[in-house]
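Shown next, in structure tokens, is the structure this report addresses.
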Amino acid sequence: MSAVRTTPCRHVVIVAGNHDSPSLLEAPRSLLAHLHVYVVGKAHADHEWLELKNPAGEVELIVCAVPYLRDRELRRFSEGESLHDKAAKLQRGIALHYADLAQRAKARLAELPVPVPVLATGHLFASGGKTGDGVRELYVGSLAHVPASVFDPCFDYVALGHLHVPQQVNQQDHIRYSGAPLPMGFGEAKHTKQVRRVTFTTTEEGQIQQHNQALTIPRFQRLERLEGDFDVLHHRLRELQAEDESIWLEIAYTGQTLRPRLREQLLAWIEDSPLEILAVQNRVLVQQALQGHAPAETLDQLDPQEVFERMLATQNIDAAQAEQLKHSHREVVLNLHEMDVHA
């Protein structure tokens, strides 16, 4: 709300991602619309269609504000479907969803006295995308390989979310992920984060042209990932202490000597410094626990898919059936993640 009142920004459009609760996000939707803040939490043709107007009341931008499209919203389940059938139905559902919006956009453009740009959004995994840290392989495996062809040429710009690494889709300048604005894990510590500024111009022939540029986001908190044996870690921590800067650390100990009190020793080294250790991986200790003392392993060290696959390995199941069961399990877990707990 403050963005609309205190900046030149006249409109704000918010679309839900796969980690958002659609009902919670949309609860104040009607109120926010009066402040020119438009919220789209779930797939709904009328809610996704936005005509943003200038102070004179003229349409200046059409936005097809597509949120994260949940599996259950796109296809109906049929008994006996193969993995290929399910994937094909899902892709077809996504393609039809964007095709319907594109058709509506073309019809509306024909009614307007002057051409206006059309912008579409999406929260999905496009073919060939680079994931970065924090993207669930579960989700990627279910909605992967959505081709750029699902986006009609009438969309002058397509703003995508879900992948954390800034990138073009299929080498097309107008279809882009701007990426996560903050590092989503220590694997992204060295990434340059950005947002994109998109401008539209109209040629003398009435064609819309877009230009987008990257705006680098300042780094507000430095992250570092350290890896090595005891001496290497000690040396690197002393180097970082000398820089006298607030740094959040993830440390992976890879030495061969067992050090059960590793965290306490690391914390003693950085005492009274601006360094802060957020995560410690003692790989030797974990490896010994897994190999020699299996009962020491706990469920919180495993993800649901790994637990399920270990269970399958203990059964006499042929490879084809095991693959089908793995896919079904991923689908069940995905549906649990997509549940709108606030509905």
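Treat the numbers as computed from the prediction; the structure is a model and nothing was measured.
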- Query: At their closest point, which heavy atom of Gly17 faces which heavy atom of Arg70, and how far apart are they?
  - Reply: O-NH2, 4.3 Å
- Please assess Val280 against Leu266 for the test side chain to side chain contact (heavy atoms under 4.5 Å, CB included), listing each intermediate value before the final yes or no. CA-CA 9 Å; Val280 176; Leu266 294 172; 4.0 Å; yes
- Thinking salt bridges, do Glu243 and Arg236 make one under a 4.0 Å N-O criterion? no
- Message: To the closest 0.5 Å, what do you measure between CG (Leu278) and CD1 (Ile247)?
- Response: 11.5 Å
- Rounded to the nearest 0.5 Å, how far apart are NZ of Lys106 and CG of Leu109? 10.0 Å
- Query: So Gln171 and Gln168, side chain to side chain contact (heavy atoms under 4.5 Å, CB included) or not? Walk me through it.
  - Reply: CA-CA 5 Å; Gln171 299 183 335; Gln168 295 180 349; 4.2 Å; yes
- Query: When you check the gap from the basic side-chain N to the acidic O, do Glu224 and Arg222 get nearer than 4.0 Å?
  - Reply: yes
- Message: salt bridge (charged side-chain N to carboxylate O under 4.0 Å, His left out), that's the test. Do Arg104 and Asp46 meet it? Break it down for me.
- Response: CA-CA 11 Å; Arg104 182 171 178 177; Asp46 290 337; 3.6 Å; yes
- Message: So, taking the atom named CG in Leu262 and the one named CG in Asn282, what distance separates them when rounded to the nearest 0.5 Å?
- Response: 5.0 Å
- Query: Between Phe155 and Tyr98, what is the ring plane arrangement, given parallel below 30°, perpendicular above 60°, and tilted in between?
  - Reply: perpendicular
- Query: Between atom NE2 of His191 and atom CG of Leu182, what is the distance when rounded to the nearest 0.5 Å?
  - Reply: 14.0 Å
- Is the centre of the Phe220 ring less than 6.0 Å from the centre of the Trp248 ring? no
- Output yes when a side-chain donor or acceptor of Thr202 lies under 3.5 Å from a complementary backbone atom of Gly206, and no otherwise. no
- Treating Ile, Leu, Val, Met, Phe, Trp and Tyr as nodes and any side-chain heavy-atom pair under 4.5 angstrom as an edge, say whether Leu61 and Val118 lie in one connected cluster. no
- Query: Using the ring of each side chain (for Trp, its six-membered ring), is Tyr38 parallel, tilted or perpendicular to His36, with breaks at 30° and 60°?
  - Reply: perpendicular
- Task: Please determine, by modelled atom types, if Glu48 and His44 share a side-chain donor-acceptor pair under 3.5 angstrom.
- Result: no
- Distance col, row Phe200:CZ vs Ile208:CD1, nearest 0.5 angstrom, shows 8.0 Å
- Could you tell me whether Lys53 atom NZ has more than 12 heavy atoms of other residues or ligands within 6.0 Å of it? no
- Query: Does Leu119 belong to the same Ile/Leu/Val/Met/Phe/Trp/Tyr cluster as Val12, with side-chain heavy atoms less than 4.5 Å apart forming each link?
  - Reply: no
- How long is the gap from CG on Leu226 to CD on Glu250, to the nearest 0.5 Å? 9.0 Å
- Message: For His234, is the NE2 atom crowded, meaning more than 12 foreign heavy atoms sit under 6.0 Å from it?
- Response: yes
- Task: Mark yes or no for whether Gln207, through its side chain, and Thr203, through its backbone, hold a donor-acceptor pair below 3.5 Å.
- Result: no
- Check: Val158 and Thr121 side chains under 4.5 Å, non-hydrogen atoms: no
- Check whether any side-chain heavy atom of Ile270 sits under 4.5 Å from a side-chain heavy atom of Ser273, and report yes or no. yes
- Message: Would you say the ring centers of Tyr157 and His174 fall short of 6.0 Å from each other?
- Response: no
- Check whether any side-chain N or O of Asp229 sits under 3.5 Å from a backbone N or O of Asp231 as a donor-acceptor pair, and report yes or no. yes
- Partner of Gln210 under side-chain hydrogen bond (donor to acceptor under 3.5 Å, both in side chains), picked from Thr201, Asp156, Thr199, Asp173, is Asp173
- Output all residues satisfying side-chain contact (heavy atoms from CB on, under 4.5 Å) with Val195, sequence neighbours left out; order by chain, then residue number. Leu215, Ile217
- Counterpart residues, side-chain hydrogen bond (donor to acceptor under 3.5 Å, both in side chains), relative to Glu60 (two or more places apart): Arg10
- Query: What's the verdict on side chain to side chain contact (heavy atoms under 4.5 Å, CB included) for Arg259 and Tyr253, showing C-alpha distance, side-chain angles and the deciding distance?
  - Reply: CA-CA 9 Å; Arg259 296 189 179 274; Tyr253 172 66; 3.6 Å; yes
- Sub-3.5 Å donor-acceptor pair from the side chain of Asp100 to the main-chain atoms of His97, do we have one? no
- 4.5 Å side-chain heavy-atom contact, Tyr177 and Pro166: no
- Taking Gln167 for the side chain and Val165 for the main chain, is one N or O donor matched with an acceptor at less than 3.5 Å? yes
- Message: Under the criterion side chain to side chain contact (heavy atoms under 4.5 Å, CB included), I'd like the reasoning laid out for Val114 against Val59: C-alpha separation, chi angles, the key distance, then a yes or no.
- Response: CA-CA 9 Å; Val114 295; Val59 177; over 6 Å; no
